[in-house]
Protein chains: 2
Amino acid sequence: MPRKKSSPPPEAAAAWRLMFEVLMSSGHRRTASLVRRGLTPNDARALWTLDVDDGRPIGDLAREWGCDPSNATFIVGRLEKSGFARRASHADDKRVKLVFLTKSGAAVRDELRDEYHEPPDEIRALTRKDLATLARILAKVGK
Amino acid sequence: MPRKKSSPPPEAAAAWRLMFEVLMSSGHRRTASLVRRGLTPNDARALWTLDVDDGRPIGDLAREWGCDPSNATFIVGRLEKSGFARRASHADDKRVKLVFLTKSGAAVRDELRDEYHEPPDEIRALTRKDLATLARILAKVGK
DNA sequence: TATTGTTATACTCTATAACTATA
DNA sequence: TATAGTTATAGAGTATAACAATA
């Protein structure tokens with residue numbers, strides 16, 4: 001039978017809650033980055049998903065994005081019209097269309113990522129010592 | 001003339017980038033929390049914005065949500081139909097409708113917040129000592 | 001006259017179902 | 001016959017413009 005996960009140690013709960021608050025309060029900056037470029041959240045997600053060298057079938061993208069393939073067609077079409085993605089037929093199976101990021105798409109993705117990575121003022125206000133400690137610990141995450 | 005902000009110390013950039021990655025990789029959990037309850041992202045934003053005791057005019061909400069008042073009307077109407085919000089006329093200015101969170105709305109907001117606050121596995125995997133250090137430093141943010 | 005919220009309308013995004021072309 | 005992607009269609013969410021009630 002499905003069971004709930006045991007409660008985390010209080011240290012984990014406290015640390016995560018604080019991280020979460022900071023991350024949420026910086027959400028409007030990310031929204032602004034998109035609005036400034038006339039990009040939708042869908043566009044952004046696609047820019048993060050797609051790759052310049054590895055093309056991906058529409059069906060794969062639909063599954064990853066949790067949407068219907070017909071909608072993935074729409075989203076990719078929008079991106080293609082903006083010049084940020086391109087379609088190419090698969091060599092072995094001509095039913096499949098592979099979707100690639102264009103150079104222009106990679107450029108805007110990089111710009112976006114750079115803006116997302118700019119630390120908010122409230123983080124910059126910490127001491128360099130605290131920031132270094134933070135980075136040292138967080139570097140262990142997912143390792 | 002408008003100028004770009006000076007670059008942050010490398011410690012800030014590193015710490016923030018790592019925090020940001022964790023936030024992004026935990027986004028699907030929050031999406032799942034909403035889907036499980038049949039809530040839209042709009043619903044969630046409204047649940048965070050509204051209050052049981054302090055009613056807010058539609059126009060205020062529209063400004064905070066960055067949308068048109070006609071859309072705020074739509075969003076609040078949806079929430080009202082779900083029983084999570086209620087409208088009441090302002091006593092002094094009968095043009096104004098104040099929007100309040102209902103008890104039921106507060107309950108689902110609290111559930112949601114509790115789920116959001118459950119630390120992801122990759123955070124729980126850190127040592128209690130590291131987590132305590134993390135919490136100690138992050139508690140200074142925004143102070 | 002000006003302001004608040006709603007309604008009328010049109011446009012975008014989304015899913016379902018039907019279709020085309022390959023396999 | 002089955003599968004990948006598209007197109008046709010309809011429903012949800014959004015903004016603009018017109019409107020009603022109140023100030």
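Naming: A, B, ... by sequence-line order, numbering from 1 per chain.
Residue Leu131(B) comes nearest to Ala15(A) through the heavy atom pair O-CB, 3.7 Å, listed as atom of the first residue, atom of the second, then distance. Among all heavy-atom pairs drawn from Pro57(B) and Val96(B), the shortest one is CB-CG1, 3.8 Å.
In this structure, the CG atom of Asp43(B) is 8 Å from the P atom of dG13(D), given to the nearest Å. In this structure, the NE2 atom of His90(B) is 14 Å from the C1' atom of dT3(C), given to the nearest Å. Counting to the nearest Å, the P atom of dG5(C) and the CD1 atom of Ile75(B) are 14 Å from each other. Straight-line distance from the CZ atom of Arg63(A) to the C1' atom of dG5(D): 13 Å, rounded to whole Å. Rounded to an integer number of Å, the gap from Asp68(A) CG to dG11(D) P is 17 Å. Trp65(A) has its CH2 atom 14 Å from the C1' atom of dC13(C), to the nearest Å. dA15(C) atom P lies 11 Å from atom CZ of Phe74(A), rounded to whole Å.
In this structure, Arg136(A) has no side chain to side chain donor-acceptor pair (under 3.5 Å) partners at least two apart in sequence or on a different chain.
Between Lys97(A) and dA21(C), a side-chain N or O to OP1/OP2 separation shorter than 4.0 Å is absent. Contact between the side-chain N/O atoms of Thr73(B) and the OP1/OP2 oxygens of dG5(C) is not found at any separation under 4.0 Å. For dA15(D), the OP1/OP2 oxygens have a side-chain nitrogen or oxygen of Asn71(B) closer than 4.0 Å. Contact check, Ser70(B) against dA15(D): no side-chain N or O comes under 4.0 Å of OP1 or OP2.
Just one of Arg29(B), Arg30(B), Arg36(B) meets the side chain to side chain donor-acceptor pair (under 3.5 Å) condition when paired with Glu115(B); it is Arg36(B).
The existence of a salt bridge linking Asp51(A) and Arg56(A) is excluded, since no basic side-chain nitrogen approaches an acidic carboxylate oxygen closer than 4.0 Å. Salt bridge status for Arg86(B) with Glu80(B): absent, with no side-chain N to carboxylate O gap under 4.0 Å. Under a 4.0 Å N-O distance rule, the pair Lys129(A)/Glu11(B) does not qualify as a salt bridge.
Using bins of under 30°, 30° to 60° and over 60° for the plane-to-plane angle, the ring pair Phe20(B)/His117(A) lands in the perpendicular bin.
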What pairs of nitrogen or oxygen atoms, one from the protein and one from nucleotides 21-23 of chain D, lie under 3.5 Å apart?
unit_1	atom_1	unit_2	atom_2	d
dA23(D)	OP1	Lys94(B)	N	3.0

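With hydrogens and angles left out, the side-chain atoms of Asp43(B) and Thr40(B) include a donor and acceptor closer than 3.5 Å.
Non-hydrogen atoms lying under 4.0 Å from DNA chain C are contributed by nothing in residues 51-62 of chain A.
Of the two residues contacting DNA chain D, namely Arg45(B) and Arg87(A), the nearest-nucleotide position lying further toward the 5' end is that of Arg87(A).
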